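Accompanying notes for the structure given below.
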Amino acid sequence: MAKNLTTRDEDYSKWYNELVIKADLAENSGVRGCMVIKPYGFAIWEMMQAELDRMFKETGHQNAYFPLFIPKSYFSKEASHVDGFAKECAVVTHYRLKTAEDGSIVVDQTAKLEEELIVRPTSETIIWDTYRKWIQSYRDLPLLINQWANVVRWEMRTRLFLRTTEFLWQEGHTAHATKDEAIAESEQMMNVYADFVENHMAVPVVKGLKTESERFAGALETYCIEALMQDGKALQAGTSHFLGQNFAKAFDVKFANKQGKQEYVWATSWGVSTRLMGALIMTHSDDNGLVLPPKLAPDQVVIVPIYRNDEQFDAVSEVANNLMKDLRAKGVRVKFDKRDTHKPGWKFNEYELKGVPLRIAIGPKDIEKGTVEMARRDTLTKEIVETTAVEARVEVLLEEIQDNLFTKAVNYRSAHTTQVSSYDEFKKILNEKGGFISAHWDGTSATEEQIKKETKATIRCIPLDTDNKAGRCIVTGNISARKVLFAKAY
RNA sequence: CGGGGUGUAGCGUAGCCCGGUUAUCGCGCCACGUUUGGGACGUGGAGGCCGCAGGUUCGAAUCCUGCCACCCCGACCA
């Protein structure tokens, strides 16, 4: 059993914070709102990056890198965009320090910048300023670029991975000749995200559209994927925006079409961030610690030796090393933990806390019988397996664990998605059960705002796979074209 | 930015109201020995600008003032 881990029932957010720290994923730094991502946490992020990067490239995108600093004036070019980010920007005003008379380090006031630089909260402006120079003809389109970067948003309140002042993400920025093509790109990337999150992270998502008030600053349409956490709160896991011609007009990005006529290009942007780590942790983990889906686990299998003396250790090691070699040849990520500084029991708990999907223990009894003990992290069950059968069994179990985690999460979500037909029922479900609430809404921002004020629930999305049955808004009783998905959100 | 709270060893803490020996305890750390199939035990040891600065006092972790940081609640969060 994990020592001192607060349970989810006791205090969910305390459980989350402790888990992040104890599983060695990240910790708070000396810098307000900024976290240190520790090696184990970063290894998981790298697994995510590698797969996403592969998917982006498979859909024709290329990576590039744009500056961290954006001149202030760039922001004023697209009005709604600056409105969305103005309140949370870090601003660079000086470029030099000096030693004061009392020996302290101070900002050199004579080194003031002509124009302040903004630490990017997102890169639309600098990228579109650059695209102007890259795009002249329809032959230059589509332009399909992604960048892996850090961004800064000066949030009032931060939480490890879920909302930090600085965070890591990827942002795709594409330019297209036609509106339809740009919309198709936004939809495609939403689907890529959904594919990744469901099939690699084993986290089920609802694909949908954001309402006008929840839309990205500067977008005409925001596609999103929404996931449900174990405490019944929703988490926006990724967004893909159709930007129309807003940025093309703001940054004067035109191309000559086949008829030689100048046209503004059509744009999209899309991103996912280290917040996905939060989604991964909160979806699968339990009171014993982290639970990782095999596809993203830095170590899929760990082998723990049990021995009393050198002779036994040598015998166990021989079996372990052979297993490791065979499993690695099959592409399984496996580690043999032969540290003599910790006891087996300590290691069992350690790997449980860190969410390693499969643990293999090999001791003197196993050597005698030609077996090993295998333990699953997701079900906490153990089985004895013939050494010769381990390789095949590992492959089966890794797949089973991946599927099981997804199925469990889907079941949880189904059990916590409620259809309601009145506002009273809505409030009751929200307070007593939480989760997604599917209800009719009259489509106005006023009603949406009223619900948010009165209940703290927001419209997570207008689901795309809904059956579009008309009805009456639960608040106003006005005509509603379809049900939308509400929840309290992170 | 408003309301509340907390800063004592790497971490978690006692002491603070009511000033007075060498600042308490647990975890962790180091050494040695016994241990090793679910977070071992014993013995010994190291580790402290008591958040920072000033003040009161013979004497301050303790009282006073200012500052800083963090946490919680609100506001904020495309």
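Within every chain, numbering begins at 1; the chains are lettered A, B, ... in the order of the sequence lines, protein sequences first and strands thereafter. As a basis for the values below, the full set of heavy atoms in this structure was taken, side chains included, without hydrogen atoms, waters or symmetry mates. Note that the structure is predicted; figures quoted are calculated from it, not measured.
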note: A/Tyr12, atom OH; B/rC72, atom C1'; distance rounded to Å ~ 20 Å
Say you pick atom C1' in B/rU36 and the same atom in B/rG44; how far apart are they, in whole Å? 23 Å
What contact category does A/Lys365 fall into here, base, sugar-phosphate, or nothing, at under 4.0 angstrom with non-hydrogen atoms? base
Looking for any heavy atom pair under 4.0 Å, which part of the strands does A/Asp366 touch: base, sugar-phosphate only, or nothing? base
Against the side chain of A/Asn349, the closest entry in B/rC77, B/rU35, B/rG39 is B/rG39
Out of B/rG74, B/rG37, B/rC77, minimum distance to the side chain of A/Ile306 belongs to B/rG37
inquiry  = Working note: A/Glu352 + A/Arg359, criterion salt bridge (charged side-chain N to carboxylate O under 4.0 Å, His left out); need CA distance, chi angles, decisive distance, verdict.
reply    = CA-CA 9 Å; A/Glu352 220 155 83; A/Arg359 183 184 74 230; 3.7 Å; yes
Exercise for review: Please confirm whether the backbone N or O of A/Leu220 pairs with a side-chain atom of A/Arg215, one donor and one acceptor, at under 3.5 Å?
Suggested key: yes
Rounded to whole Å, the NZ-C1' distance (A/Lys38 to B/rG10) equals 11 Å
For atom C1', what is the distance between B/rA23 and B/rU13, given to the nearest Å? 13 Å
Result for 5'-nearest mapping on RNA chain B, choosing between A/Ser213 and A/Asn17, is A/Asn17
In whole angstroms, the gap separating P of B/rG37 from CD of A/Glu368 amounts to 17 Å
Please determine if A/Lys72 forms a cation-pi arrangement with A/Phe75, meaning its NZ or CZ atom is less than 6.0 Å from the six-membered ring centre and no more than 45° off the ring axis. no
Under a 3.5 Å limit on both distances, the Watson-Crick or wobble mate of B/rG28 is none
Under a 3.5 Å limit on both distances, the Watson-Crick or wobble mate of B/rC50 is none
(message) Could you check whether the side chain of A/Lys347 and the base of B/rG37 have a donor-acceptor pair of N or O atoms closer than 3.5 Å, going by distance alone?
(response) no
* Flag yes if more than 12 heavy atoms outside A/Glu318 fall under 6.0 Å of its CD atom; otherwise flag no. => no
Partner of B/rU22 under the Watson-Crick or G-U wobble criteria, both distances under 3.5 Å, comes out as none
Select base, sugar-phosphate, or nothing to describe what A/Lys382 touches, counting heavy atoms under 4.0 Å on all strands.
base
Ranking A/Trp169 and A/Gly33 by the position along RNA chain B of their nearest nucleotide, the one closer to 5' is A/Gly33
Quick note, A/Leu353 side chain, CB onward, closest among B/rU36, B/rG74, B/rG39 is B/rG39
**Report entry** Integer angstrom distance from the C1' of B/rC72 to that of B/rC67
**Finding:** 22 Å
With the side chain defined as heavy atoms from C-beta on, A/Glu350 is closest, among B/rG39, B/rG37, B/rC77, to B/rG39
Would you measure the distance from the P atom in B/rA61 across to the matching atom in B/rC50 and give it in whole Å?
8 Å
note: A/Lys453, atom NZ; B/rA75, atom P; distance rounded to Å ~ 10 Å
Rounded to whole Å, the CG-P distance (A/Asp83 to B/rC76) equals 16 Å
TODO: Considering only atom C1', compute the distance from B/rA9 to B/rC30 and round it to an integer number of Å.
DONE: 15 Å
* Between B/rG48 and B/rU22 - C1' atom distance, rounded Å -> 13 Å
Suppose we call a contact any N or O donor and acceptor under 3.5 Å apart; does that hold for the side chain of A/Arg308 and the base of B/rG37? no
As its Watson-Crick or G-U partner within any shown strand, both distances under 3.5 Å, B/rU62 has none
Distance check, C1' atoms only: B/rG39 and B/rG26, in whole angstrom units. 16 Å
Among the nucleotides B/rG38, B/rG39, B/rA40, whichever has the atom closest to the side chain of A/Lys343 is B/rA40
Here the distance between atom C1' of B/rC11 and atom CD of A/Glu18, to the nearest Å, is 12 Å
The Watson-Crick or G-U wobble partner of B/rA40, with both key distances under 3.5 Å, is B/rU34
Regarding the side chain of A/Ala361, the nearest nucleotide among B/rC77, B/rG37, B/rG38 is B/rG37
Can a side-chain donor-acceptor contact be found between A/Ser186 and A/Ser240 if the only test is distance below 3.5 angstrom? no
- Do other residues, nucleotides or ligands put more than 12 heavy atoms under 6.0 Å from A/Glu311 CD? no
A/Lys456 near the nucleic acid: base, sugar-phosphate alone, or nothing, with a heavy-atom cut-off under 4.0 Å? sugar-phosphate
- Message: Check this for me: A/Lys14, atom NZ, are more than 12 non-hydrogen atoms of other residues, nucleotides or ligands nearer than 6.0 Å?
- Response: no
- [ ] Would you indicate what A/Arg359 reaches in the nucleic acid, counting non-hydrogen atoms under 4.0 angstrom: base, sugar-phosphate, or nothing?
- [x] base
### Query
With rounding to whole Å, what would you report as the distance between B/rC27 and B/rC63 at their P atoms?
30 Å
Atom CG of A/Asn309 and atom C1' of B/rU34 are separated, to the nearest Å, by 15 Å
Q: Would you classify A/Pro364 as touching base, sugar-phosphate or nothing, given that sugar-phosphate means primed atoms plus P, OP1 and OP2, and contacts are heavy atoms under 4.0 Å?
A: base
Atom CG of A/Asp340 and atom P of B/rU35 are separated, to the nearest Å, by 16 Å
### Query
Is a side-chain donor or acceptor of A/Asn246 paired with a backbone partner of A/Gly218 at a separation under 3.5 angstrom?
yes
Taking a pair to mean Watson-Crick or G-U wobble geometry with both distances below 3.5 Å, B/rA14 pairs with none
